[in-house]
Amino acid sequence: MTTLPDLDRRTADLIDLDERFSTHNYHPLPVVIAEADGAWVTDVEGRPHLDLLAGYSALNFGHRHPELVRAATEQLGRVTLTSRAFHHDQLGLFCRELAELTGTEMVLPMNTGAEAVESALKVARKWAYRVKGVPAERAEIVVAADNFHGRTTTLVSFSTDDAARADYGPYTPGFVTVPYGDAEALAGAITERTAAVLVEPIQGEAGVVVPPDGYLTEARRLCDEAGALLIADEIQSGLARTGTVFALDHEHVTADLYTLGKALGGGIVPVSAVVGRADVLGVLRPGEHGSTFGGNPLACAVGRAVVRLLSTGEFQQRATSLGAHLHTRLSGLLGHGVAAVRGRGLWAGVDLEPGGPTGRQASEALLRRGVLCKETHGHTLRIAPPLVVEEADLDRGIDALAQVVGAAPR
Ligand SMILES: *Cc1c(COP(=O)(O)O)cnc(C)c1O
């Protein structure tokens with residue numbers, strides 16, 4: 001039960017309703033949000049909370065960014081859905097603008113992150129058979145341990161997280177798992193049957209794990225050598241979170257395909273995409289893949305506004321400067337309840353010292369101080385504030401964290 005004894009009546013009633021009628025596949029913190037603006041949310045009791053999770057990076061531009069709300073509202077007044085049976089006036093513009101922003105050639109629009117990854121895997125397999133010449137049914141895709149790519153049956157087939165995978169078999173074959181960040185293991189796993197290497201440039205769900213310097217460069221080189229595709233899952237790491245459009249940009253590495261999602265929908269609608277090489281995405285012909293909602297006018301209008309926000313570089317700049325500040329301050333907590341800090345840009349995984357609060361206990365204690373954040377695994381907190389957060393607010397959040405993990409006088 002999530003219900004804490006000191007919950008207000010209205011909060012408790014609404015949580016109770018959730019628990020009775022919605023499946024228990026999440027364990028939310030006991031706060032019920034009613035409104036939000038920028039980096040702040042307000043609960044049903046009218047209490048403000050600073051959002052340090054930002055919808056797992058789906059809210060990079062904050063809650064209800066005025067330009068995104070305007071784009072959505074304008075499109076709501078025009079046309080919202082056509083299906084791909086017909087053309088509409090937003091799709092081509094969205095795809096061109098996203099391709100220009102990302103330095104790629106072609107865009108396959110989908111809705112959720114999991115669908116984007118699924119789509120990239122389908123494209124990679126088809127490319128392996130049609131272009132690379134891998135014998136039928138023999139294509140392999142190399143993935144990393146501790147990955148998170150979504151929740152479909154195929155994606156959990158190669159998850160190494162038992163909670164995500166157990167009891168969902170029989171599993172999709174054709175995946176080879178290697179330890180993350182280990183270039184030698186990757187080299188040993190790639191064969192002439194390898195269609196692609198699928199990798200998160202930074203593993204978010206695993207605890208914001210940054211691979212060793214040079215790993216992604218080496219992954220690129222190994223793929224080139226073997227004639228395999230490099231697929232970067234940038235659903236959480238991309239779109240300014242680390243200070244660049246792609247986290248891969250830090251190593252000046254280019255992927256053949258990228259998956260995008262989360263922030264691409266501006267926190268308003270689910271929008272995802274595979275972006276990349278035209279000769280690879282070009283293997284898809286009419287009828288071979290699709291989605292009723294993928295590339296719908298509302299999604300494209302919001303996606304275009306997201307691309308506009310990213311094209312100024314302002315959010316990348318904020319992630320870089322606020323991120324430097326965040327990491328400096330978090331480093332100061334090492335040995336004061338914090339065992340390790342990882343990350344890049346405005347994104348951090350904070351391992352709490354054993355013996356102190358667990359990630360869940362720390363999140364609950366932060367909630368009581370008006371700060372929202374969430375554990376990933378037992379002793380790690382993931383910090384990913386909206387990129388619009390004010391530095392003074394960020395400092396308040398870090399001060400609260402310091403108190404909760406025991407570094408500051410209580
Ligand atoms: C969130 C996430 C996904 C899945 O996205 P959904 O929209 O939840 O399906 C895939 N890959 C990564 C790296 C993610 O962070």
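FYI, side chains are in, hydrogens and waters are out, and symmetry mates aren't considered; it's all heavy atoms of this structure. Ligands are counted one by one from 1 in listed order, and the atoms in each one are counted from 1 as well.
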TODO: Measure the shortest side-chain to side-chain distance between Glu390 and Asp395 over non-hydrogen atoms and say whether it is less than 4.5 angstrom.
DONE: no
Open item on the list: Can you confirm whether Tyr215 sits close enough to Leu186 that some side-chain heavy atom of one is under 4.5 Å from a side-chain heavy atom of the other?
Closed with: yes
Open item on the list: Using a 4.0 Å heavy-atom cut-off, which part of Phe148 comes near ligand 1: side chain, backbone, both, or neither?
Closed with: both
With atoms numbered from 1 as shown, which atoms in ligand 1 lie under 4.0 angstrom from a non-hydrogen atom of [X]?
{"X": "Ala114", "answer": "4 (C), 5 (O), 6 (P), 9 (O)"}
{"X": "Glu200", "answer": "13 (C)"}
{"X": "Asp233", "answer": "10 (C), 11 (N), 12 (C), 13 (C)"}

Task: Identity and distance of the protein heavy atom lying nearest atom 5 (O) of ligand 1 - done: Gly113 CA, 3.3 Å
Open item on the list: Between Arg165 and Asp161 (salt bridge meaning N to carboxylate O under 4.0 Å), is one present in this structure?
Closed with: no
TODO: Inspect the contact between Arg360 and Glu364 and indicate whether a charged nitrogen and a carboxylate oxygen are less than 4.0 angstrom apart.
DONE: yes
Task: Min N/O separation Ile235 to ligand 1 under 3.5 Å - done: no
Open item on the list: Yes or no, since that's all I need: does a protein heavy atom fall within a distance strictly under 4.0 Å of atom 9 (O) of ligand 1?
Closed with: yes
Task: Nearest non-hydrogen partners of His88 and Leu91, listed with the distance - done: CE1-N, 3.1 Å
Open item on the list: Just to check, does Lys262 reach to within less than 4.0 Å of ligand 1 when the distance is taken from its heavy atoms?
Closed with: yes
Task: Heavy-atom neighbours of Phe293 CZ exceed 12 at 6.0 Å - done: no
